[in-house]
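Proteins come first, then strands; the chains are lettered A, B, ... in the order of their sequence lines, and each starts at number 1. All of these numbers come straight from a predicted model, not from anything done at the bench.
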2 protein chains.
Amino acid sequence: MGRACPPCSFGKQPMSLAHVILGLLQQQERTGYDLKTECFDDCISHLWKADQAQIYRTLDKLESHGWITCTVEIQHDRPNRKVYRITEAGEAELTHWLQTHYPLPVLREPLLVQLYFSAQLPNEVIVYLLEQELEARQEKLAQCEAIEALSLSNPTASREQKLHRLVLDLVKQREQTYLDWLEKAIATIRSQSI
Amino acid sequence: MGRACPPCSFGKQPMSLAHVILGLLQQQERTGYDLKTECFDDCISHLWKADQAQIYRTLDKLESHGWITCTVEIQHDRPNRKVYRITEAGEAELTHWLQTHYPLPVLREPLLVQLYFSAQLPNEVIVYLLEQELEARQEKLAQCEAIEALSLSNPTASREQKLHRLVLDLVKQREQTYLDWLEKAIATIRSQSI
DNA sequence: ATCTCATATATGATTAGTCATATATTAACA
DNA sequence: TGTTAATATATGACTAATCATATATGAGAT
């Protein structure tokens with residue numbers, strides 16, 4: 001009857017990568033390669049990123065906890081695939097995690113730290129750094145809008161699609177806030193009023 | 001003439017905690033305890049957080065790289081302090097880091113991941129999670145406004161203070177964006193239109 | 001006299017994340 | 001025939017971060 005593990009997560013942490021993967025496997029069965037290419041390089045790439053090595057190791061851990069199972073699918077035109085599916089125990093764990101509130105993370109943004117400490121730099125240098133950030137943020141917003149146009153704009157969206165749309169709305173608004181602030185900051189510093 | 005280390009950072013990473021500490025030590029000399037209590041528990045606590053163990057170990061590494069030096073200050077009413085100061089090599093490294101643009105980090109926010117995967121949860125449960133996030137974000141915004149009122153509102157601000165104010169503006173606006181979105185999201189889900 | 005608190009530093013153990021590389025299969029191409 | 005590319009998994013080595021705990025000093029309270 002071996003309960004393989006304590007009631008919830010592995011260590012003391014939110015164990016979020018494991019739960020992101022559980023969520024993705026609840027949507028549909030996937031391989032490690034699928035997760036890397038379709039997911040972390042695509043759909044939720046704006047919410048979480050993960051190294052390939054970490055994905056495969058997390059899959060091993062999830063399997064050893066009994067939260068997912070694996071079957072090898074023989075392919076004749078390509079290397080075989082290890083297809084992972086979520087188990088009932090995994091669904092229970094995911095459902096519990098989804099309902100648990102976690103403390104706000106402190107978001108580590110190099111640019112903000114740099115600006116915070118850049119009092120001894122000349123204005124032009126600061127402006128150049130802000131302009132590079134602006135360019136990167138513009139590109140990111142464009143990526144978000146491309147995702148929106150591609151898959152989330154149909155009027156007969158499912159509940160799941162509506163939730164994805166909500167999440168994307170925040171990511172877009174967050175980028176827009178950043179862009180507005182960058183433009184104001186660049187103007188302020190350019191006008192020598194700092 | 002031993003150059004103790006390669007031209008820039010330790011490994012291949014931005015090495016940001018080390019640079020945050022360099023920045024704080026450029027402001028003024030500090031001990032590990034100062035960094036933990038005055039800084040990461042206070043001033044830039046909204047930009048970076050650091051564990052005490054990591055602070056002391058990073059100080060050791062910075063010293064072994066020659067970017068900071070340490071002198072022991074004997075105290076008679078308390079345990080002795082190890083006071084760290086930035087070196088010229090440290091200032092050069094910091095100046096270089098401050099001018100280097102880094103790729104946008106992917107911000108790992110548990111709540112967004114949870115919402116993304118919560119299609120199978122009932123609306124009330126989702127709303128409850130969003131309400132808890134709303135409360136936490138309101139408190140964080142209040143903290144930001146308290147910092148603003150305390151130290152950043154005087155009209156004769158230094159260049160450094162003006163830059164800190166700029167950074168705080170973004171942090172505040174980011175929270176306001178989150179709050180607006182949360183209120184909209186809660187209303188949308190409450191109205192059953194999802 | 002002991003207990004607790006604030007100050008102050010250090011370290012062992014573990015998890016999380018990154019980087020580089022190894023290995024294997026088949027298709028497509030030159 | 002050999003090379004490259006896409007698919008697919010695995011692992012060694014390392015850095016970064018976290019958690020728990022140990023150690024020590026002196027002040028103030030009980």
Enquirer: Roughly how many Å is it from CD1 in B:Ile21 to C1' in D:dA17, rounded to a whole number?
Expert: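 Going from CD1 in B:Ile21 over to C1' in D:dA17 covers 13 Å.
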Enquirer: Report the distance from atom CZ of A:Arg78 to atom P of C:dA27, rounded to the nearest whole Å.
Expert: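 In whole Å, C:dA27 P and A:Arg78 CZ are 10 Å from each other.
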Enquirer: State whether B:Thr37 places a side-chain N or O below 4.0 Å from either non-bridging phosphate oxygen (OP1 or OP2) of C:dT7.
Expert: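 No, outside the criterion.
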Enquirer: Using atom CD1 of B:Ile55 as one end and atom C1' of C:dT11 as the other, report the distance to the nearest whole Å.
Expert: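 Rounded to the whole Å, the gap is 15 Å.
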Enquirer: State which residues pass side chain to side chain contact (heavy atoms under 4.5 Å, CB included) with B:Ala142; sequence neighbours excluded, sorted by chain then number.
Expert: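 Listed in chain order: nothing, the list is empty.
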Enquirer: Would you say the side-chain atoms of A:Glu93 and A:His19 include a donor-acceptor pair closer than 3.5 Å?
Expert: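 Short answer, yes.
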Enquirer: Please evaluate the base of D:dT15 for a donor-acceptor partner in the side chain of B:Arg57 within a cut-off of under 3.5 Å?
Expert: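 It does not, because no donor-acceptor pair links the side chain of B:Arg57 to the base of D:dT15 below 3.5 Å.
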Enquirer: Nearest-Å distance, CD (A:Gln75) to C1' (D:dA6)?
Expert: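 Roughly 12 Å, once rounded to whole Å.
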Enquirer: Looking only at side-chain atoms of B:Ala53, point me to the closest of C:dG17, D:dG12, D:dT18.
Expert: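 Among the listed nucleotides, the one closest to the side chain of B:Ala53 is D:dT18.
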Enquirer: If we ignore hydrogens and angles and just use 3.5 Å, is the side chain of B:Arg108 paired with the main-chain N or O of A:Lys49 as donor and acceptor?
Expert: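 Pair found, side chain donor or acceptor close to backbone of A:Lys49.
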Enquirer: In terms of the nearest nucleotide of DNA chain C, which residue is placed more toward the 5' end: B:Arg108 or B:Thr31?
Expert: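 Between the two, 5'-proximity favours B:Thr31.
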Enquirer: When you measure from the side-chain N and O atoms of B:Tyr56 to the phosphate of C:dT9, is any distance below 4.0 Å, counting only OP1 and OP2?
Expert: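 Looking at the OP1 and OP2 atoms of C:dT9, one of them is under 4.0 Å from a side-chain N or O of B:Tyr56.
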Enquirer: Give the rounded distance in Å between these two atoms: CD of A:Glu73 and C1' of D:dA8.
Expert: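 Nearest whole value for this atom pair: 12 Å.
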Enquirer: Below the 4.0 Å mark, does D:dT7 have OP1 or OP2 next to a side-chain nitrogen or oxygen of A:Tyr33?
Expert: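 True: A:Tyr33 side-chain N/O within range (under 4.0 Å) of D:dT7 OP1/OP2.
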Enquirer: Over how many whole Å does the gap from B:Gln52 atom CD to D:dA22 atom P extend?
Expert: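 Whole-Å distance recorded here is 14 Å.
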Enquirer: Counting just side-chain N and O atoms, does B:Lys61 come under 4.0 Å of either OP1 or OP2 of D:dA16?
Expert: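 So the side-chain polar atoms of B:Lys61 do come within 4.0 Å of the phosphate oxygens OP1 or OP2 of D:dA16, strictly under.
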Enquirer: What is the distance, to the nearest angstrom, from the OH atom on A:Tyr84 to the P atom on D:dT9?
Expert: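 Computing the A:Tyr84:OH to D:dT9:P distance gives 7 Å.
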Enquirer: Is A:Gln54 near enough to C:dG17 that one of its side-chain N or O atoms lies under 4.0 angstrom from OP1 or OP2?
Expert: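 Answer yes for this pair, as a side-chain N or O of A:Gln54 is under 4.0 Å from OP1 or OP2.
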Enquirer: Figure out the CZ/C1' separation between B:Arg81 and C:dA6, and round it to whole Å.
Expert: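 That distance rounds to 14 Å.
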Enquirer: Looking only at side chains, do A:Thr31 and A:Asp34 share a donor and an acceptor under 3.5 Å apart?
Expert: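 A:Thr31 vs A:Asp34: donor-acceptor pair found between side chains.
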Enquirer: Report yes if a side-chain nitrogen or oxygen of A:Lys36 is closer than 4.0 Å to either non-bridging phosphate oxygen (OP1 or OP2) of D:dA8; otherwise report no.
Expert: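 Indeed not, no polar side-chain atom of A:Lys36 lies that close.
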Enquirer: If you assign B:Asp51 and A:His76 each to the DNA chain C nucleotide with the nearest heavy atom, which residue ends up on the more 5' nucleotide?
Expert: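 Taking each residue's closest nucleotide, the earlier one in sequence belongs to B:Asp51.
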Enquirer: Indicate whether any N or O donor in one side chain lies under 3.5 Å from an N or O acceptor in the other, for B:Thr177 and A:Thr177.
Expert: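 Result is yes, a qualifying pair exists.
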Enquirer: Looking across every strand, which nucleic acid part, if any, lies under 4.0 Å from B:Asp60 by heavy atom: base, sugar-phosphate, or nothing?
Expert: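 No contact at all - B:Asp60 keeps every heavy atom at 4.0 Å or more from the nucleic acid.
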